[in-house]
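For clarity, every value in this text was computed on a predicted model and none was experimentally measured. Here is the naming used below: chain letters follow the sequence lines, and residue numbers restart at 1 for every chain.
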Amino acid sequence: MPKKSTFSDSEPNIFSFNEIEKKWQRRWEEAKVFEAVPDKRNKFFINFPYPYINGHLHLGHAFSVTRVDVAARYKRMNGFNVLFPQGWHCTGTPVWAAAQRIREKEEKQIQIMKTMGFSEKEILKFGEVKHWMDTFVPAAQEDLSRIGASVDWRRSFVTTDLNPYYDKFIRWQFNKLREKGLVVKGKRPVVWCVKDKMVVGDHDRAEGEGETPQEYYLLKFKFGDSYLIAATLRPETVFGQTNFWVNPDANYVKARIGNETWIVSKECLDKLELQEKDTKMMEYISGKDLIGKHCEAPLIGRKIMILPARFVDPTMGTGLVTSVPSDAPYDYIALRNMQEMKETEKNKLGFSIEQIEEIEDIEIIPIIKTEKYGDKAAVKVVEESGVVNQEDPKLDSLTQEVYKEGYHNGILLNNCGEYSGMKVKEAKEKMKEDMIKKGLLEIFYELSGKVVCRCLTPSVVKIVSDQWFLKYGDKEWKEKVRKELEGMKLYPDLVRQQFNYVIGWLNDWACTHHHGAGTKLPWDEHWVIESLSDSTIYMAYYTIAHLIKEYPLDKIDDSFFDYVLLGEGKGSKEMDKMRKEFEYWYPFDVRSSGKDLVQNHLSFCMFNHAAIFPEKHWPKSFSVNGWLLVEGDKMSKSKGNFFTIRQVLEKHSADSVRAGLMMGGEGLDDPNFGFANVEIVTQKIHGFFEFARLNYKKAKKAELSRSDRLFVSSINRYLKEGSEAMENMMFRTAFDKLFFQMQRVLKEYINRGGSNQGVLNDFIEIQIKIIAPFCPHVAEELWNKIGKKEFISLAEWPQVEENKIDTKLEESEKGVDKTVADVLNVLSIVKEKTRKEGEKVYVYVMPFELEHYNAELLSRRVQKEVKIFAVNDKNKYDPEGKAGKAKPGKPGIYVE
RNA sequence: GCGGGGAUGCCAGAGUGGUCUAAUGGGACGGAUUUAGGCUCCGUUGGCUCAGUGCCUUCCUAGGUUCAAAUCCUAGUCCCCGCACCA
């Protein structure tokens with residue numbers, strides 16, 4: 001049996017969220033309700049970062065868009081001319097690379113497309129980036145429309161050179177930045193595949209996600225007319241060097257590096273070449289041939305002996321290692337092994353008696369002191385851990401530990417020359433600089449861990465030398481941005497510290513890539529502008545996006561944008577129109593985004609605005625929110641809590657999902673979306689829908705009773721608090737106050753017997769209006785049902801009537817609540833004690849301000865017959881003298 | 001390691017010196033209504049005590065400041081996020 005309708009009148013049950021949503025979305029579109037046209041009103045421009053369209057939009061997007069939409073609708077109802085545009089992002093590598101993989105018919109990628117529900121035939125089309133746009137952009141627009149986003153779709157666009165208009169805009173932006181000297185050429189280390197001859201991004205790896213190039217230091221040890229080169233992370237330990245390690249089984253090469261002769265492993269030579277060294281191979285040297293000889297340690301000038309060690313890996317660094325047994329566990333173990341080796345074995349290695357003596361005389365030199373490990377950290381940790389040979393895997397973590405402690409808490413001992421007494425942290429920098437100056441040290445990059453390219457070739461570090469950078473490290477620029485930040489409002493303000501910090505450490509940003517979709521760098525077209533860099537000031541483009549499409553493409557050049565966006569030079573009539581539109585809307589009032597974008601996108605947005613636009617066009621505010629959790633967990637396909645918008649909308653109404661999302665959370669905490677909330681909202685909204693429809697009636701204004709005034713007071717209080725929350729983009733609080741609390745006080749009012757039709761009508765109107773930003777479809781339908789002609793989307797947000805907020809009255813009601821509780825309490829006790837059926841019991845309860853209350857209402861609350869007496873006359877309040885201790889002179893209540 | 005944010009009752013989540021056993025919502029439990037209930041209503045939900053507004057113990061832990069602390073200070077423990085060239 002289908003559930004029986006709760007409709008009591010003759011009208012058939014037409015309540016279908018689905019129907020209502022479709023109907024109003026159609027009407028909004030027909031009436032162009034959300035098309036933003038400049039006029040005399042104040043404007044409000046809100047937006048959020050355009051989604052990257054590598055698939056269907058998911059619940060996380062729904063959360064972002066709902067936040068923005070609720071704000072947009074709220075502002076619209078507050079009389080603002082609201083602009084909420086939406087574009088789509090396709091710049092960068094993910095889609096580009098996926099398309100390429102489809103072309104290569106890579107099984108994994110094809111499988112991904114299959115799970116998205118595409119047929120074999122269709123999948124092949126995704127070999128072109130454009131097909132991704134053609135598929136997912138319309139789908140995304142449909143999804144956002146279905147969830148009720150009040151977007152001006154005329155202004156939508158996609159990025160990359162597939163959109164020549166936007167492409168020209170980005171070119172203009174970069175030319176502008178270059179003119180100002182903010183785009184410069186530089187070098188940077190990248191993870192590189194020698195086979196593919198390409199940068200190996202994090203997503204293109206078979207192994208080694210998260211690994212990055214790490215700075216190592218090459219130390220030069222004088223060795224005859226050449227240098228032995230050792231790679232180290234710890235140049236500050238040079239004073240503790242006791243010997244030098246070489247792998248006896250490895251092959252080394254002597255090579256011309258610049259105008260020096262270096263000895264390094266064969267593997268290292270290839271790396272040096274990729275790291276901009278001018279190399280020329282000379283001859284091979286066997287590791288064995290080096291053993292027993294001496295070289296001169298850099299900076300300290302000490303002669304140290306070259307000894308064999310198994311732990312030395314020719315593929316790591318230079319394949320040569322300097323030995324600091326006091327602070328390097330590997331070195332200590334290797335040295336101890338060496339010294340403890342039987343004489344016969346040492347002989348076997350070809351050491352002479354003098355050499356053997358020399359080895360035995362090597363003493364560990366303490367150089368760094370920490371509270372935790374004393375002055376021979378490596379010795380201490382190795383002895384304590386019981387490690388005895390060089391192959392022990394524990395050595396890696398011990399090394400880490402010693403390094404960490406030494407670096408952060410260590411102090412150099414007084415045998416360290418001019419660095420004696422310095423903190424390790426500081427000494428490291430200084431020694432590094434000094435040694436570079438003296439030509440004893442060079443910087444080298446090695447991967448922080450093993451990285452394997454998708455083509456299964458191990459990756460290496462390459463230095464790209466003609467890389468273009470945005471000069472975010474520039475001091476003057478930073479100053480300007482700090483000033484910009486000061487003038488901005490942040491929701492919540494908590495993120496201000498984070499922004500300040502980011503502005504501080506942000507350094508020059510590599511803004512060009514070798515490959516990927518995007519705009520080509522105008523003056524150096526073999527570079528593609530990287531995706532975060534092309535999305536910094538595009539909000540300005542929204543203001544003209546719908547007009548520029550109508551303008552002849554060939555007439556658009558840099559001077560076009562100079563005029564339209566900066567007001568420089570002269571422009572045509574059409575350009576003038578665009579200029580006016582820009583000036584009306586810009587700057588944007590709110591940009592809302594996830595907190596993950598604080599350290600890049602939002603900061604870049606500030607930087608580029610500061611660089612290109614005058615102060616009056618700098619951003620007004622950012623709103624930052626957490627990452628959406630679903631059912632308490634991070635969304636992930638493997639956990640089964642990943643949902644696209646369309647999946648969710650198949651089963652749930654847009655209004656409920658919107659409200660459910662907003663109920664999930666606010667502020668910087670990760671909001672949590674649960675379907676239970678969606679169900680609750682669905683029920684409550686439906687409940688209110690019925691209530692409003694059936695209870696909105698014609699009425700004359702009746703005089704307000706105490707109960708009425710109490711109700712009106714609560715409504716106004718929640719309206720006030722809710723509106724404040726709306727202003728602060730605290731939408732969970734707002735929805736709670738504006739809907740749940742409102743419904744609660746309505747319930748209380750009805751329970752009190754409230755029935756003043758005028759009051760009810762006012763309430764219904766207010767309630768519909770204030771849920772409209774959250775549940776716009778139902779609100780429109782209801783608004784229409786109660787006979788209003790205009791769209792609720794354009795109705796006026798209700799004004800708080802401060803004078804109707806009666807705190808005293810609400811307090812007194814709390815007192816009544818307490819009295820009722822007391823009565824019930826006493827009654828239950830009495831009931832337990834007497835247990836006699838039919839016996840009359842009289843109870844006296846010290847009441848609270850009963851002059852405003854009446855017996856009928858109390859009876860309803862207590863569910864017993866209640867009488868109230870003024871206790872002036874003893875006999876009146878307790879006719880049978882059984883109610884116990886009453887206090888004459890005060891009113892009392894009497895329960896039978 | 002650096003930087004930022006946190007830790008509140010079964011759960012979520014308010015609360016920044018007294019009005020705090022701590023809002024509100026959900027859950028659970030008990031009761032009322034009911035043919036029945038997923039509707040609605042009332043109540044309970046730290047412990048003890050109880051013919052009545054009482055006592056004790058609680059807001060991560062340990063100290064401290066104060067007449068008074070969930071709230072301020074100090075130390076510690078644990079959790080989340082970011083640390084880049086990637087959307």
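Nearest nucleotide to the A:Asp670 side chain, out of B:rC85, B:rG26, B:rC80: B:rC80. Here B:rG5 is the nucleotide among B:rA87, B:rC85, B:rG5 with the atom lying nearest to any side-chain atom of A:Gln497. Closest to the side chain of A:Lys634, out of B:rC81, B:rG4, B:rC86, is B:rC81. Of the candidate nucleotides B:rG82, B:rA84, B:rU24, B:rU24 has the atom lying nearest to any side-chain atom of A:Gln741. When distances run from any side-chain atom of A:Leu532 to the nucleotides B:rU24, B:rG4, B:rA87, the shortest one goes to B:rA87. Proximity note for A:Tyr52 (side chain, C-beta onward) versus B:rC85, B:rA87, B:rG26: the nearest is B:rA87. Checking B:rG5, B:rC86, B:rG82 against every side-chain atom of A:Leu494, the shortest atom distance belongs to B:rG5. Closest to the side chain of A:Arg744, out of B:rU24, B:rC85, B:rA87, is B:rU24.
Within the structure, every side-chain polar atom (N or O) of A:Ser531 is placed at least 4.0 Å from both OP1 and OP2 of B:rC86. Note on A:His601: every side-chain N or O is 4.0 Å or more away from OP1 and OP2 of B:rC86. Contact annotation: A:Lys747 does not reach the phosphate of B:rU40 (side-chain N/O to OP1 or OP2, under 4.0 Å). Contact check, A:Arg732 against B:rA14: a side-chain N or O comes under 4.0 Å of OP1 or OP2.
Across all strands shown, B:rC2 pairs with B:rG82; the Watson-Crick or G-U wobble distances both stay below 3.5 Å. Pairing of B:rU61, defined by two Watson-Crick or G-U wobble distances under 3.5 Å, is identified with B:rA75. Across all strands shown, B:rU19 has no partner, as no Watson-Crick or G-U wobble contact with both distances under 3.5 Å is found. Partner assigned to B:rA70 is none, using Watson-Crick or G-U wobble distances below 3.5 angstrom. Pair check for B:rC10 finds B:rG26; Watson-Crick or G-U wobble, both atom distances under 3.5 Å.
Mapping A:Gln599 and A:Gly664 onto RNA chain B via the closest heavy atom, the residue that lands nearer the 5' end is A:Gly664. Both A:Phe469 and A:Tyr501 lie close to RNA chain B; mapped to their nearest nucleotides by heavy-atom distance, the more 5′-ward contact belongs to A:Tyr501.
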Inset, instruction - Show the numbers, then the answer: is there a ring-ring contact (aromatic ring centres under 6.0 Å, His included) between A:His514 and A:Trp527? - result: CA-CA 6 Å; A:His514 282 105; A:Trp527 287 107; 4.7 Å; yes
Legend entry - Criterion side-chain hydrogen bond (donor to acceptor under 3.5 Å, both in side chains) on A:Glu666 and A:Asn625, from CA distance to verdict: CA-CA 7 Å; A:Glu666 61 196 1; A:Asn625 54 261; over 6 Å; no
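Look at CD on A:Glu666: it is 13 Å from C1' on B:rU24, rounded to the nearest Å. The CD-C1' distance, from A:Glu631 to B:rA12, rounds to 13 Å in whole Å. When the P atom of B:rA87 is taken as reference, atom CG of A:Leu57 falls 18 Å away, rounded to whole Å. Atoms NE2 (A:His686) and P (B:rG38) sit 19 Å apart, rounded to a whole Å. Between the CD atom of A:Gln683 and the P atom of B:rU40 there is a distance of 7 Å, given to the nearest Å.
As judged by a 4.0 angstrom heavy-atom cut-off over every strand, A:Asn677 is placed among residues making no nucleic acid contact. No engagement by A:Phe740 is indicated, since no non-hydrogen atom pair under 4.0 Å with the nucleic acid exists. Here A:Gln467 lies out of heavy-atom contact (under 4.0 Å) with every strand. Counting non-hydrogen atoms under 4.0 angstrom, A:Asn507 reaches a base of the nucleic acid. No contact: A:Lys425 has no heavy atom under 4.0 Å from any strand. A:Thr733 comes within 4.0 angstrom of nothing in the nucleic acid, heavy atoms only.
With a 4.5 Å cut-off on side-chain heavy atoms, A:Phe604 and A:Leu506 count as touching.
For a distance-only test at 3.5 Å, the side chain of A:Asn600 qualifies as a donor-acceptor partner of the base of B:rA87.
Only the P atoms considered, B:rC11 is 15 Å distant from B:rA28, to the nearest whole Å. Here the separation of B:rG25 from B:rA36, taken at their P atoms, is 28 Å to the nearest Å. Comparing the P positions of B:rG17 and B:rC72 gives a spacing of 8 Å, expressed to the nearest Å.
Contact detail for A:Leu668 and A:Pro492: the closest heavy-atom pair is CG-CG, 3.9 Å.
If you look at A:Phe675 and A:Phe673, their ring centroids are closer than 6.0 Å.
Going from atom NE2 of A:His686 over to atom CD of A:Gln683 covers 10.5 Å, rounded to the nearest 0.5 Å. Rounding to the nearest 0.5 Å places OG1 of A:Thr160 at 9.0 Å from NE2 of A:His89.
Between A:Trp132 and A:Phe136, the ring planes are tilted. Angles from 30° to 60° get that label.
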